[in-house]
Amino acid sequence: MSAAASHPDASPLGKAVAYAEHYAPELLFPIARQGKRDEIGIAPGALPFIGEDLWTAFELSWLGPRGKPEVALAHFRVPADSPNIVESKSFKLYLNAFNQTTVASVAELEATLARDLSAAAGAPVTAQVEPLSGRPRRAIGYPEGVLLDTLDIEVDRYTPDPGLLRADASQPEVEETLYSHLLKSNCLVTGQPDWGMVVIRYRGAPIDREALLRYIISFRRHNEFHEQCVERIFTDVLRQCRPTELCVWARYTRRGGLDINPCRRTAGLSAPALLAEVRQ
């Protein structure tokens with residue numbers, strides 16, 4: 001399989017495709033991260049954040065050694081410093097290619113998934129498979145913070161405008177978590193809507209909450225992949241509000257049996273709790 005990153009327009013998105021029934025790692029379609037990072041002023045090798053993209057797969061099945069199907073949830077971690085993302089439709093097609101593939105064990109499947117995804121991403125990816133026979137549980141909850149969505153504001157901008165953001169440097173520093181369910185953007189290629197919850201945890205001058213909510217809503221007509229939206233939000237908040245510590249993560253509703261949950265944070269902050277959003 002070639003892991004050379006390709007342009008999004010060459011991906012399977014928006015195209016009629018035939019589903020493969022047998023293992024086909026060549027279906028994975030890598031897209032270079034740097035092109036979109038150039039747009040927001042992130043130079044190669046100078047990431048202002050650490051983090052990962054957390055994927056959950058809800059449609060994974062394969063055949064056991066005696067031909068009996070197995071079904072499972074799967075979780076993947078793609079590091080933010082990997083050179084490529086994996087386009088989500090190609091990921092879906094790749095996972096479905098296991099449907100008529102015989103796999104000796106869960107451990108073998110995890111090793112195969114990790115190897116193929118690491119090759120596509122260009123960095124080590126972890127894979128965890130949880131067969132439904134083991135009764136896996138998902139933790140669903142809400143962030144411990146302030147919900148912005150009840151603010152009574154007037155909105156008239158629906159493309160990203162970092163100029164909306166501001167913080168009051170004359171006030172004492174705060175540590176707080178702010179979140180919204182009103183994040184909506186569109187697929188970069190197809191224009192189909194993507195829905196998510198975004199969470200901003202920071203330490204620094206108080207961020208204007210109404211301004212932040214307007215900024216989040218301003219993504220409503222914006223075309224960009226999930227990972228790229230979160231990096232844009234992170235860099236805009238960092239530059240406009242100048243917090244000393246910042247973590248931005250989003251939990252997007254699933255499409256094609258996959259949800260994508262990017263997290264970007266400064267090195268001093270821990271990763272968020274792995275709580276699924278109620279719509280996931």
Side-chain angles (χ1 to χ4, degrees), residues 33-53 80-81 143-186 188 194-252 260-272:
R33 295 187 190 267
Q34 191 55 47
K36 277 292 180 177
R37 288 175 174 173
D38 288 342
E39 289 185 15
I40 56 176
I42 298 178
L47 296 181
F49 48 67
I50 59 174
E52 53 276 318
D53 304 323
D81 60 0
E144 294 185 2
V146 177
L147 176 65
L148 299 175
D149 301 350
T150 58
L151 294 172
D152 185 14
I153 61 171
E154 184 173 338
V155 180
D156 60 4
R157 302 184 198 182
Y158 302 104
T159 55
D161 184 356
L164 292 168
L165 294 166
R166 56 180 177 269
D168 190 349
S170 69
Q171 296 298 311
E173 188 175 81
V174 299
E175 292 186 50
E176 63 178 357
T177 297
L178 308 173
Y179 71 100
S180 172
H181 299 287
L182 300 185
L183 178 63
K184 181 241 175 215
S185 54
N186 304 307
L188 179 63
D194 295 320
W195 307 92
M197 175 186 70
V198 63
V199 187
I200 293 92
R201 186 173 76 212
Y202 74 97
R203 180 167 64 87
I207 293 176
D208 184 309
R209 295 178 181 181
E210 291 189 357
L212 178 59
L213 183 57
R214 288 190 181 94
Y215 169 76
I216 292 168
I217 293 171
S218 76
F219 277 76
R220 196 165 180 86
R221 300 183 68 186
H222 183 62
N223 294 346
E224 209 163 40
F225 292 138
H226 304 62
E227 303 93 332
Q228 297 162 350
C229 286
V230 169
E231 292 187 0
R232 186 177 295 273
I233 293 170
F234 181 97
T235 54
D236 285 349
V237 172
L238 191 67
R239 288 168 182 160
Q240 297 295 119
C241 301
R242 301 186 180 277
T244 54
E245 292 185 326
L246 176 63
C247 179
V248 175
W249 72 94
R251 298 198 69 97
Y252 282 90
I260 308 174
N261 309 283
C263 176
R264 302 292 183 267
R265 62 190 188 275
T266 51
L269 288 179
S270 60

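All figures in this text were calculated on a predicted structure; none of them were measured in a lab.
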For residues His181 and Leu147, report the shortest heavy-atom separation together with the two atoms involved. CD2-CD1, 3.7 Å
Test item: Arg239 and Pro48 side chains (from C-beta on) under 4.5 Å apart, heavy atoms: no
Do the side chain of Gln228 and the main chain of Phe225 share a donor and acceptor less than 3.5 angstrom apart? yes
Check this for me: does any side-chain nitrogen of one of Arg33 and Asp53 sit under 4.0 Å from a carboxylate oxygen of the other? yes
Distance in Å, Leu148 CG paired with Ser180 OG, rounded so as to fall on 0.5 Å steps: 6.0 Å
Is any side-chain heavy atom of Glu224 closer than 4.5 Å to a side-chain heavy atom of Ser185? no
Of all residues at least two apart in sequence or in a different chain, which pass the side-chain hydrogen bond (donor to acceptor under 3.5 Å, both in side chains) check with Glu227? none
Could you go step by step and tell me if Met197 and Leu183 meet the side-chain contact (heavy atoms from CB on, under 4.5 Å) rule? CA-CA 6 Å; Met197 175 186 70; Leu183 178 63; over 6 Å; no
Taking the side chain as C-beta and beyond, is there a heavy-atom pair between Arg251 and Val199 under 4.5 Å? no
Closer than 3.5 angstrom, by distance alone: can the side chain of Lys184 be matched with the main-chain N or O of Arg220 as a donor-acceptor pair? yes
Going through the distances and angles, do Asp161 and Tyr215 end up as a side-chain contact (heavy atoms from CB on, under 4.5 Å)? CA-CA 6 Å; Asp161 184 356; Tyr215 169 76; 5.6 Å; no
Beyond-backbone contact of Thr159 with Arg157, side-chain heavy atoms, under 4.5 angstrom: no
One pair to check against side-chain contact (heavy atoms from CB on, under 4.5 Å): His222 and Asn186. What are the steps and the verdict? CA-CA 6 Å; His222 183 62; Asn186 304 307; 5.8 Å; no
Do Val248 and Val198 make a side-chain contact, defined as non-hydrogen atoms from C-beta onward lying under 4.5 Å apart? yes
Using a strict cut-off of less than 4.0 Å between a Lys/Arg side-chain nitrogen and an Asp/Glu carboxylate oxygen, indicate whether Arg214 and Asp208 qualify as a salt bridge. no
Sequence neighbours left out, what passes ring pair (Phe, Tyr, Trp, His ring centres under 6.0 Å) with Tyr202? Give chain and number order. none
Leu246 and Phe49, any side-chain heavy atoms less than 4.5 Å apart: no
Can you name the side-chain hydrogen bond (donor to acceptor under 3.5 Å, both in side chains) partners of Arg221, sequence neighbours left out? none
Spacing of Asp81 atom CG and Ile50 atom CD1 [to the nearest 0.5 Å]: 9.5 Å
Verify side-chain contact (heavy atoms from CB on, under 4.5 Å) between Arg203 and Val174, making sure each step is shown before the conclusion. CA-CA 6 Å; Arg203 180 167 64 87; Val174 299; over 6 Å; no
May I ask you to say whether Arg166 pairs ionically with Glu210, meaning some side-chain N is under 4.0 Å from a carboxylate O? no
Hey, could you give me the CZ/OG1 distance between Arg264 and Thr235, rounded to the nearest 0.5 Å? 11.0 Å
Heavy-atom distance under 4.5 Å between the side chains of Glu176 and Arg201, does that happen here? no
Taking atom types as modelled and ignoring hydrogens, do the side chains of Asn261 and Tyr252 form a donor-acceptor contact shorter than 3.5 angstrom? no
About how many Å separate OH of Tyr179 and CD1 of Ile200, when rounded to the nearest 0.5 Å? 12.0 Å
Contact summary for Cys247 and Pro272, nearest pair of heavy atoms: SG-CD, 4.4 Å
Output the distance between atom CG (Leu212) and atom CG (Leu164), rounded to the nearest 0.5 Å. 10.0 Å
Across all chains, not counting sequence neighbours, the side-chain hydrogen bond (donor to acceptor under 3.5 Å, both in side chains) partners of Glu39 are Lys36, Arg232
Once salt bridge (Lys or Arg N to Asp or Glu O under 4.0 Å) is applied, do any residues pair with Arg242, and if so which ones, sequence neighbours excluded? none
Atom pair OG (Ser218) and CG (Asp156), whose distance is rounded to the nearest 0.5 Å: 10.5 Å
Please list all pairs meeting salt bridge (charged side-chain N to carboxylate O under 4.0 Å, His left out) that have one or both residues in residues 143-153, counting only residues at least two apart or in different chains. none
Looking at side-chain heavy atoms only, is the closest gap between Leu47 and Ile42 below 4.5 Å? yes
